[in-house]
Asker: 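Starting off with a structure, shown below.
Heavy-atom basis, side chains included; hydrogens, waters and symmetry copies ignored.
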Amino acid sequence: MTDDQKIQIKQLCYVNWLITKKFGGDAGVRDLKSLKNVVSLPGGGSLTCFQGERLSNRKDLYSQLGWFTYYIVDGEPFNGKNRTVALMMLIWALKFYRLEFEAENMADFVNTLDTLKQGNSDISLWLSNNCR
Amino acid sequence: MKRKIIRVGSSRGVLIPREVTRAMHWDFGTEVELVMNQERKEVTLKTIKISLPEEYNVEYLRQIEELMIEHEDVLGGIDD
């Protein structure tokens with residue numbers, strides 16, 4: 001794993017702890033392999049969208065967020081609150097990139113996301129259609 | 001303030017007043033550090049300070065905390 005990926009794993013663990021502290025549920029990592037998948041992009045890359053202004057276009061941003069959301073919902077790396085962590089990080093990333101969105105619509109989307117029917121590209125497409 | 005040593009099973013204990021535990025944010029199960037200075041005949045209880053590792057971006061973590069409170073309603077409604 002790269003250093004960037006390790007940092008992101010630690011940050012996600014912190015967010016999982018924060019969310020479970022606030023809303024209840026079990027904190028902690030259930031499956032480390034799944035958690036590694038969440039932060040690993042094809043080709044050994046990492047989620048640069050969580051590391052500041054490194055992405056030059058929205059397509060890359062939505063692509064990375066689609067990847068992140070799919071693997072955290074499908075792989076359930078944490079003991080609990082996986083979807084809430086996904087939504088929290090989506091909200092943070094979109095705010096960071098100064099994009100507008102309806103938080104309630106996004107919550108509905110994350111809540112009802114079915115990874116058997118929807119892949120990472122579907123999530124990216126939804127983001128590109130619902131954020132501006 | 002003065003406190004008496006009391007019996008707790010076969011051990012000795014000191015009850016900590018509620019105003020102290022509230023002020024120090026000590027709840028049941030909170031770990032505290034006990035420091036003994038035998039020369040000065042002093043025992044001090046300290047909050048254990050935890051600092052984040054250097055590689056954490058503290059500014060991002062604070063933003064996440066603020067957004068969590070701002071979007072509490074939608075985040076709390078997710079059915080995990």
Asker: Is it the side chain or the backbone of M106(A) that comes within 4.5 Å of chain B heavy atoms, both, or neither?
Answerer: neither
Asker: With a 6.0 Å cut-off on ring centres, are F68(A) and F50(A) close enough?
Answerer: yes
Asker: Report which part of K95(A) has an atom under 4.5 Å of a heavy atom belonging to chain B: side chain, backbone, both, or neither.
Answerer: side chain
Asker: Which one, I69(B), L67(B), D79(B), leads in non-hydrogen pairs under 4.5 Å with chain A?
Answerer: L67(B)
Asker: Q64(A) side chain to T48(A) main-chain N or O, any donor-acceptor pair under 3.5 Å?
Answerer: yes
Asker: E76(A) versus chain B, heavy atoms under 4.5 Å apart: side chain, backbone, both or neither?
Answerer: neither
Asker: At a 4.5 Å cut-off on heavy atoms, which part of K81(A) comes close to chain B: side chain, backbone, both, or neither?
Answerer: both
Asker: Based on non-hydrogen pairs under 4.5 Å, which of D73(B), V74(B), I78(B) is most in contact with chain A?
Answerer: I78(B)
Asker: Parallel, tilted or perpendicular: which fits the ring planes of W126(A) and F109(A), with parallel below 30° and perpendicular above 60°?
Answerer: parallel
Asker: Given the options G80(A), G24(A), A103(A), G25(A), which has more heavy-atom pairs under 4.5 Å with chain B than any of the others?
Answerer: A103(A)
Asker: Should the heavy atoms of other residues, nucleotides or ligands under 6.0 Å from CD of E102(A) be counted, would the total exceed 12?
Answerer: no
Asker: Passes side chain to side chain contact (heavy atoms under 4.5 Å, CB included), N79(A) versus V29(A)? Steps please.
Answerer: CA-CA 6 Å; N79(A) 290 323; V29(A) 177; over 6 Å; no
Asker: How about R30(A) and P77(A): do any of their side-chain heavy atoms sit closer than 4.5 Å?
Answerer: no
Asker: Check each atom of E65(B) against the heavy atoms of chain A and say whether the ones under 4.5 Å are side chain, backbone, both or neither.
Answerer: both
